[in-house]
Asks: 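Let me begin by handing over the structure; questions about it come next.
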Amino acid sequence: MDVDSPQANGMKRKGRKSNENKASYREDSESEDMPLSKRRRTSSKPVKPESDSESDVPLAKKPSAKDVNSLSKQKEKFEKRAEKEAKAIRKDAPKKVKQETPKGNTKKQTPSASAKAKKAVVKDEEVDEDEDEEYRWWENVQQGDGTKKWATLEHNGVVFPPDYEPLPKDVKFYYDGNPIDLHPEAEEVATFYGSMLHSTVNVENPTFNKNFFEDFQGYIKKTGGAKNAKTGDKVDIKSFEKCNFKHIFEWFDAEREKKKALPAADKKAAKAEKDKTEAPYQYCMWDGRKQKVGNFRVEPPALFRGRGEHPKTGRVKKRVFPEQITINIGKDATVPAPPEGHKWKEVKHDQEGTWLAMWQENINGAYKYVMLAANSDVKGQSDYKKFEKARELKKHIDHIRKDYQKNLRAEKMVDRQMASAIYLIDRLALRAGNEKGEDEAETVGCCSLKYENITLEPPNHVIFDFLGKDSIRFYDKVEVDPQVFKNLKIFKKAPKGRGDDVFDRLTTSGLNKHLQQYMTGLTAKVFRTYNASWTMANLLKDIKATGNVAEKVKIFNDANRRVAILCNHKRTVAASHENTMEKMTERINGLVYQQWRCKQMMLELDSKIKKKKGAEYFALPSQLDEEWVRKHQADLVAEQREKIQKKFDKDNEKRIAEGEKKMSGKELDERLEAVDELQKKFKKENKTKKVEPEGRGPSVEKLEQNIDKITQRIETMKVQSEDKEANKEVALGTSKINYIDPRLSVVFSKKFDVPIERLFSKTLREKFDWAIKSVDDDWEF
DNA sequence: GACTAGACTTGGAAGAATCTTT
DNA sequence: AAAGATTCTTCCAAGTCTAGTC
């Protein structure tokens, strides 16, 4: 239960065993002597003698390479701008460059500052504005040394999950067809699994099942075994295949339904009750200011849902007891009382930490922290600092780029690898890529890229294919600098093979140390922030103010999407996606059909028009065919019939409600005559291959207008549908929340008159309060 | 420099709430 | 009003990176 064994956030690091490998890294063409000052670091694991057939199974269905050309071309443009700007900054502020304090770019902030001052005065007079006066920390960011995070801190600790409530007597886990009695502790574990049968990604994962079953068996053994609920005989639970959790699942499902079906008032009351009991934990007092706590709930016991091929996925994540929890709180504050009969593991007064409580989870020994919510001052400040740091990189980026460009040809292997790695981090927004342990999913970042993750295609194309954070696949074919191509070829040279590091001389800390030389605090991840925000800034810069709000929001989202693609932020395609797409094409086809009918009507009105416009114009569009038309006609007929029926029913209801008599079936028949006529009309059209002109005073001109209108609608729908398809596996959220400087969005909102609500949800507006209140429409990243 | 404990940010998915369509 | 789609929020896993120890 105690997880005190020292582990790096639980993960045992892979030993850095060094193989003495006398690899020669001489390039084929050029003869460069690269001193091998250090021993080569290779994976401690032997190269897996995997059968090729297995390893060749594609990771995902279809590699969706990004549009290499347009994206990289634009990136080039933005890089040029970056270089220009870096030079301009240095020219502008030859001496001040060192520390750009928040008030640093005085020119731009002065107007807003004075405006705010005015506002502040007004506010003093009419106090009714907000609850309590807000603390505009961003107007006065002290550098400080950043170590002491608070002077006083009061909070009420954490909320524990409810105790386990045993299942009703008639709901059982089944084994080999028999209901089984389990000790509540083992039964609880059964419910972890039973309640998630709908989660196919887990329940169909053999590792998940194996791990779960092992732990489950352990619990059964530990708690006195399992018994046949009918006979009372001991049952040995030894085969996962014979386990049946269906009854448990159905019970949970029914409970979920029951909850959902509750009257709205009851739901509301239940929520109010919960809010009330949790209220004391929602907020804390941080340096005397009320601040929202983020995650005050202790994580409930469950099955660990490790992602990708996590070797421990499915293991039981145990219930956390007060005895495992460390509380961090002000010296003078009242320490929250642990639950009756329990005590805290420890109570600290660590002013250098921003966490309120902490414990270690039993699977990986990972630390779990209770911290403040994203909208709190501390989090806001560090967010602000993060973006300021990224902006600071603007001043150095040209140097850094020039440097790595030069060092791509460095004599020493380390330097070459360093330059190549930074190149990739900068150009492809790769993560640093820390070393990972044996008992984690095998994912990589830049420094940990493996031999097999890179495929070289002469003259200078590189295919990257690897699983990154969260086992999300990164697949991209990229055109790289010829020297980078050469280098990668060298880095991959024999005796390296599958499983070996491409950058065998690099570690993330070495890389970051190198980066610090250019700028204090510069690390690999700053490049991601910088490139994301810089890209967004440039995309927004090129926008012209046109269209309505919806169109402008779309433009914004398009830019957002470009950033998300840059960062490789993906989501799994929604189950309903294909269906939705089909519906959309059907709708489009319906419009195309309408258009075609209009054209046929024109033929009836003007006998010469066929010659004038050409036969092509009147042909049935290629995406439609006879069969489709028949079906569509039938659908239209059915649709109309349904509509009339519904209207009729509704009218009748109304009549009854008003005390009138119901309409007769005859009336319905009369109304439905229109449908019959439509049907007849279609029949005739199909037979004669002619379409009678419709509408009042039909004319070729009117029909043409109509066709144009429909064309418009088709176009919008097509755009919508293409948009949807392109967006199906791109997740916009992460870049919006973590990478794009929120001030960019605020400026966009102001400049183009798009309400900020359209760009930021309520929580995001709270999180980015500092950004919303601190910039004018001329602020630049 | 290697190693790792610790603390903090980033990330996708699940679940809840809300909007849209039927 | 139910169903379906979409958006927002919560959850917690999985990264990054610093600093301390040897």
Side-chain angles (χ1 to χ4, degrees), chain A residues 4-18 38-39 41 147 149 196 198-199 201-202 256 259-260 267 271 294-295 297 299-300 302 304-308 310 312-313 317 326 328 350 352-355 358 360-361 363-369 371-374 378-379 382-383 386 431-437 440-441 443-445 447-448 468-472 507-513 515-516 521 523-526 528-529 564 567-572 574-577 579-580 583 639 642-643 646 724 729 731-735 737-739 760-764 767:
Chain A
D4 274 334
S5 55
Q7 289 173 332
N9 208 14
M11 319 303 182
K12 264 180 259 142
R13 292 293 142 110
K14 207 194 288 183
R16 188 144 297 148
K17 269 190 225 153
S18 324
K38 279 193 307 179
R39 288 185 298 178
R41 198 185 90 234
T147 50
K149 307 285 177 30
M196 62 183 289
H198 57 298
S199 175
V201 258
N202 295 301
R256 274 190 281 257
K259 227 185 202 168
K260 225 168 79 186
K267 278 191 208 165
K271 188 162 185 296
N295 54 329
R297 272 179 281 262
E299 290 175 17
F304 173 67
R305 289 152 97 124
R307 303 199 249 266
H310 198 297
K312 291 186 176 177
T313 192
K317 192 173 75 173
T326 304
N328 193 32
D350 179 6
E352 294 185 5
T354 67
W355 51 276
M358 179 265 275
Q360 262 180 303
E361 145 264 18
I363 312 256
N364 304 299
Y367 295 85
K368 301 283 187 163
Y369 295 89
M371 291 188 190
L372 295 201
V378 241
K379 292 286 183 190
S382 64
D383 219 28
K386 174 183 78 185
R431 296 188 186 81
N434 280 313
E435 208 63 50
K436 293 194 74 186
E440 294 176 272
T443 61
V444 300
C447 291
S448 48
K469 183 178 179 182
D470 292 303
S471 294
I472 296 295
T507 63
T508 51
S509 55
L511 187 126
N512 284 337
K513 211 162 272 171
L515 291 174
Q516 308 276 338
T523 60
K525 89 194 258 284
V526 180
R528 253 167 99 79
T529 315
C567 296
N568 201 41
H569 291 144
K570 292 193 187 162
R571 57 173 175 172
T572 48
S576 57
H577 177 78
N579 206 1
T580 315
K583 264 190 206 158
E639 209 173 281
E642 212 169 308
K643 222 171 173 178
K646 259 194 187 150
K724 191 154 212 151
E729 53 173 10
L732 302 189
T734 305
S735 51
I737 294 169
N738 299 302
Y739 287 103
F760 290 156
S761 69
K762 182 167 154 282
T763 32
L764 274 195
K767 168 173 165 143

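The structure presented is a predicted model; accordingly, all values stated were derived computationally and were not measured. Note on naming: letters A, B, ... go to the chains in the order of the sequence lines (proteins, then strands), and numbering restarts at 1 for each one.
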Asks: Separation of A:H198 atom NE2 from B:dA13 atom P, in whole Å?
Replies: 15 Å

Asks: Applying side-chain contact (heavy atoms from CB on, under 4.5 Å) to A:C567 and A:T734, what does each step give before you reach the verdict?
Replies: CA-CA 9 Å; A:C567 296; A:T734 305; over 6 Å; no

Asks: With DNA chain B as reference, determine whether A:K379 or A:K513 sits nearer its 5' end, using the nearest nucleotide of each.
Replies: A:K513

Asks: Could you pull out all residues at least two apart from A:K267 that satisfy salt bridge (charged side-chain N to carboxylate O under 4.0 Å, His left out)?
Replies: none

Asks: Heavy atoms under 4.0 Å, any strand shown: does A:A524 hit a base, just sugar-phosphate, or nothing?
Replies: sugar-phosphate

Asks: Can you tell which of B:dG12, C:dG15, B:dT9 lies closest to the side chain of A:T734?
Replies: B:dG12

Asks: With nearest nucleotides of DNA chain C determined for A:A432 and A:A302 from heavy-atom distances, which residue corresponds to the more 5′ nucleotide?
Replies: A:A302

Asks: Under 4.0 Å, counting only non-hydrogen atoms across every strand here, what does A:R256 touch: a base, just sugar-phosphate, or nothing?
Replies: nothing

Asks: Do A:H310 and A:N364 touch side chain to side chain, with heavy atoms closer than 4.5 Å?
Replies: yes

Asks: What is the separation between atom CD on A:Q360 and atom P on B:dT4, rounded to the nearest whole Å?
Replies: 15 Å

Asks: For A:Q516 and A:R305, take the nucleotide of DNA chain C holding the closest heavy atom to each; which residue's nucleotide lies nearer the 5' end?
Replies: A:R305

Asks: Between P on C:dA14 and CD1 on A:I472, what's the gap in Å once rounded to a whole number?
Replies: 11 Å

Asks: Could you state the atom-to-atom distance from CG of A:D470 to P of B:dA14 in whole Å?
Replies: 12 Å

Asks: Calculate the interatomic distance between A:H310 atom NE2 and C:dA14 atom C1'; express it in whole Å.
Replies: 8 Å

Asks: From NZ of A:K259 over to P of B:dA17, roughly how many Å is that when rounded to an integer?
Replies: 11 Å

Asks: Could you state the CG-C1' distance from A:N434 to B:dT9, rounded to the nearest angstrom?
Replies: 13 Å

Asks: In whole Å, what is the span from the NE2 atom of A:H569 to the C1' atom of B:dG12?
Replies: 10 Å

Asks: Confirm from the modelled atom types if A:K525 and C:dT16 form a donor-acceptor pair under 3.5 Å, side chain to base only.
Replies: no

Asks: Please name all residues satisfying salt bridge (charged side-chain N to carboxylate O under 4.0 Å, His left out) with A:R307, sequence neighbours left out, ordered by chain then number.
Replies: A:D470

Asks: On DNA chain B, nearest-nucleotide positions of A:T572 versus A:S509: which is more 5'?
Replies: A:S509

Asks: Sort me out a list of protein N/O and nucleotides 5-11 of chain C N/O pairs below 3.5 Å, or just none if empty.
Replies:
from   : atom 1 : to     : atom 2 : distance (Å)
C:dT6  : OP1    : A:K724 : NZ     : 2.2
C:dT6  : OP2    : A:K724 : NZ     : 3.3
C:dT9  : OP2    : A:S761 : OG     : 2.7
C:dT9  : OP2    : A:T763 : OG1    : 2.2
C:dC11 : OP1    : A:R297 : NE     : 3.3

